[in-house]
Protein chains: 4
Amino acid sequence: MAIQEVLERQYPGRRAQLKRDILSAALACFNDKGLEPTTIEDIRVRCDTSVGNIYHHFGNKDGLIAALYFCALDDQARQRTDYVKGTASAEARVAALVHAYLDWVTAEPELARFQFQARSAVAQGPNAAELADRNRQRNRQVREWLADPEQLGQLASVPMELLPSLIIGQAESYCRAWLSGRVQSPPDRFSEPLARAAWASIAACR
Amino acid sequence: MAIQEVLERQYPGRRAQLKRDILSAALACFNDKGLEPTTIEDIRVRCDTSVGNIYHHFGNKDGLIAALYFCALDDQARQRTDYVKGTASAEARVAALVHAYLDWVTAEPELARFQFQARSAVAQGPNAAELADRNRQRNRQVREWLADPEQLGQLASVPMELLPSLIIGQAESYCRAWLSGRVQSPPDRFSEPLARAAWASIAACR
Amino acid sequence: MAIQEVLERQYPGRRAQLKRDILSAALACFNDKGLEPTTIEDIRVRCDTSVGNIYHHFGNKDGLIAALYFCALDDQARQRTDYVKGTASAEARVAALVHAYLDWVTAEPELARFQFQARSAVAQGPNAAELADRNRQRNRQVREWLADPEQLGQLASVPMELLPSLIIGQAESYCRAWLSGRVQSPPDRFSEPLARAAWASIAACR
Amino acid sequence: MAIQEVLERQYPGRRAQLKRDILSAALACFNDKGLEPTTIEDIRVRCDTSVGNIYHHFGNKDGLIAALYFCALDDQARQRTDYVKGTASAEARVAALVHAYLDWVTAEPELARFQFQARSAVAQGPNAAELADRNRQRNRQVREWLADPEQLGQLASVPMELLPSLIIGQAESYCRAWLSGRVQSPPDRFSEPLARAAWASIAACR
DNA sequence: GATGAATGAGCATTCATTCAT
DNA sequence: CATGAATGAATGCTCATTCAT
């Protein structure tokens, strides 16, 4: 499974095998039953270890959720950076952002589904501060990417608050629909039209 | 408060006052603490009645959540229908859908916030069937509205699966950001650009 | 049992029967196994009710301990006040304090044993403030009783800090020994010599 | 700190440094949080060793508590014996007992505080037998010291059960008050009056 | 000897729901 | 109809102790 690879990137080495097993089991449970309804016992059964061990490695349930969430965030960021590299224009970068997003969700549907349902839990839980921090960093990074002097005119006319929603809103909406089974076609099938739509939306704002 | 009016439309009359009080208290609690963390006792304290009374009127916690959720759904549908009335072209209808959505969320932030967090709970709970039913009806309705023979060409080239996301994705994305405090400007402030972006997105798909 | 009477004085009426039953069972358990080792389940079994009911009536384990502790404190205070009434001299009052203490411990060994082991727990737990309050009141009361103008000379020469220990120290020491089985004779058997010793100690301090 | 010296007397040599560190850390934890609430992990953090090491040296938590308790007992006995040496009369010996007690508690408040709270735990735990044994020895010793033929008359009239409380009760009471912060003056400040009170109490018993 | 990952029984507490009054 | 005492299964979490490395 693709999750295994993500986890191995994040927690490499033989000694972290158990950590990866626990996270993998937790992800499956959270997606099956939801965050709150999943019990530590559910996870324990699925990865065949002891309750104490789970707590030994992740502190508590919130810690487990946060570890998984940041894991997804990191992997998504890695791929986004890859896609943006080598783009020259603002238009190409907007397209890269859309493509990166759609490809990642298509490749990691489990993590993506988890991310959607865990966002608010992490944002309110004890790891809220770290999440806010990472979000700030990501936003700064994205803003830098789009600050292209040549095409600044195009983007400058769009209100800063609105820009992220214009770029990623439709892609995210479709991904939600796909993950909840309301549509069948995998997100990356619509990469082209969604990237074009994003750029057209920006243009329409002028 | 705006919620009071929505509740009075849904549960009119003096005799339903207690019902409205309970729903109002429940909404506040759910938004404050989240769905699962809110206890019946929390709600009871907030509307100063007895546990038994809440169960008498709504059966159980899921019933309470469903009542509130369908209440939001109905009110949103009512406004959407109002906005679409009198529109002649597909473009005008797309704009009406976007405006209706943004205006409703701006007017009922509490209900909107609840709706976002309760969707998956209702979709999995004992009222899943009714929810699916209502969603089907809404989708059929929207499809009828957009089936304008004259402009069919424009829309026909857009994959059916993608259309809803193209129309409402960006608006929804911005509303989520507003409800979680990530942006300040109320959604209806961007009604114009978001409606234009939706139509431009459709055009870009051809 | 004597405890029943104490509890009926503190929680009178038929409707409080369950409350009394729970407290009575808790007292027995705490004395049998110690404070920490006693589980709510132990208590539940002993009074044949449900866990939830215990929490319904006392909030939590600390609440149960505090209720029992303050019950003992109140009963002891009541008897002390009775004994002091009608005494005319400081000497008679010192004797009354000693007699009251010894008679109470002899009559309520269970409560007394509990009191010794629960004191520090209550003093550190969430009811510390109320305990401090009650202790202040008791100290003020005792100081007033002993502020006899005629015999002030005798007591005035004793440092305030030392006085309580001089009066009650030996009696308390013997009661501890009795409650832990190190001696056999009931405390009230030594009321006379202990009262005389207390007064002699004060005299020896001049 | 004074505890270090006591521990070096009890566990001398360089090789026992770790043992002393563990005991020192344990004492601090037990006094900070109480016996039961203190975890092996708390102690481990404070002396920066491993869990396994603590178990290697003391067997288990009870062993740790017992080691600390007997350490206090031994040190107290040593000082008591010192003080009694060279006394000729029963009165002088009673005074020596009182002085020894007050001086030791004043010098070792940490150990004394621990001793008060650990007594019942040790008396009920797996080291109960050894504790009973040591208590018996101490009592026999004290009885021998006080069996002064010349002044036997004075003491003989006091019931054997009552004697220890008469001698040490007030001192102990004051020490408890000091250790729990209810009074400020260090116990040894009242050595003279408390020794006189003890002897006067005995005299008052005739 | 030293380490700390692993174990798992056990506990306080919560909370949706019922039902006698 | 309304009330709130009573129920008890279920859960997150702790912690003394063991043992492979």
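Scope of the values below: all heavy atoms of this structure, side chains included, with no hydrogens, waters or symmetry mates. Letters A, B, ... are given to chains in the order of the sequence lines, protein chains preceding strands, and every chain is numbered from 1.
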Among pairs that include at least one residue of residues 116-131 of chain A, which meet salt bridge (charged side-chain N to carboxylate O under 4.0 Å, His left out), considering only residues two or more places apart or in two chains?
E130(A)-R134(A)
Just by distance, no angles: are the side chains of R14(B) and Q17(B) close enough, under 3.5 Å, to form a donor-acceptor pair?
no
Residues L23(B) and L7(B): closest non-hydrogen pair is CD1-CD2, 3.8 Å
By nearest-nucleotide position on DNA chain E, the 5'-leaning member of D42(C) and S50(A) is S50(A)
Starting at atom CD1 of I54(B), determine the distance to atom P of dT18(E), rounded to an integer number of angstrom.
14 Å
Taking only side-chain nitrogens and oxygens of H57(C), does any of them come within less than 4.0 Å of OP1 or OP2 of dA6(F)?
yes
Euclidean distance, atom CZ of residue R14(C) to atom P of dT21(E) [Å, nearest integer]:
14 Å
So what is the 5' to 3' dot-bracket string for DNA chain F, if pairs are Watson-Crick or G-U wobble with both distances under 3.5 Å, crossing pairs use [ ] and | means the partner sits on another strand?
.||||||||||||||||||||
For A118(A) and L35(A), work out which heavy atoms get closest and say how close.
CA-CD2, 3.8 Å
Can you check nucleotides 13-15 of chain F for protein contacts, nitrogen or oxygen pairs under 3.5 Å, and list what you find?
| unit_1 | atom_1 | unit_2 | atom_2 | d |
| --- | --- | --- | --- | --- |
| dC13(F) | OP2 | Y55(A) | OH | 3.0 |
| dC13(F) | OP2 | K61(A) | N | 3.1 |

Verify the distance criterion only: is there a donor paired with an acceptor across the side chains of D74(A) and Q10(A) at less than 3.5 Å?
yes
So ring-ring contact (aromatic ring centres under 6.0 Å, His included) across residues 6-57 of chain A, not counting sequence neighbours, yields F30(A)-F114(A)
When rounded to whole Å, the CD to P distance for the pair E41(D) and dG4(E) reads 10 Å
Between dT3(F) atom C1' and D48(B) atom CG, what is the distance in whole Å?
12 Å
Any idea which heavy atoms bring V122(B) and L131(B) closest together, and the distance?
CG1-CD2, 3.9 Å
Any side-chain N or O of T49(A) below 4.0 angstrom from OP1/OP2 of dT7(E)?
yes
Could you check how far NE2 of H56(A) sits from P of dT3(E), rounded to whole Å?
15 Å
Heavy atoms of S24(A) and Q4(A) approach each other most closely as OG-NE2, 3.4 Å
Nucleotide dT3(F), atom P - distance to CZ of R15(C) in whole Å
15 Å
Indicate the atoms forming the closest heavy-atom contact of D21(A) with C47(A), along with that distance.
O-CB, 3.8 Å
Pairwise side-chain hydrogen bond (donor to acceptor under 3.5 Å, both in side chains) hits with a residue in residues 29-40 of chain A, at least two apart:
N31(A)-Q117(A), D32(A)-R46(A), K33(A)-D42(A), T39(A)-D42(A)
What is the distance, to the nearest angstrom, from the CD1 atom on I22(A) to the C1' atom on dT7(E)?
13 Å
Report yes if the side chains of R113(D) and E110(D) come closer than 4.5 Å at any heavy-atom pair, otherwise no.
yes
Tell me: CD1 of I43(B) to C1' of dG4(F), nearest whole Å?
17 Å
Check DNA chain F against residues 25-34 of chain A and give the residues with a non-hydrogen atom under 4.0 Å, in numerical order.
none
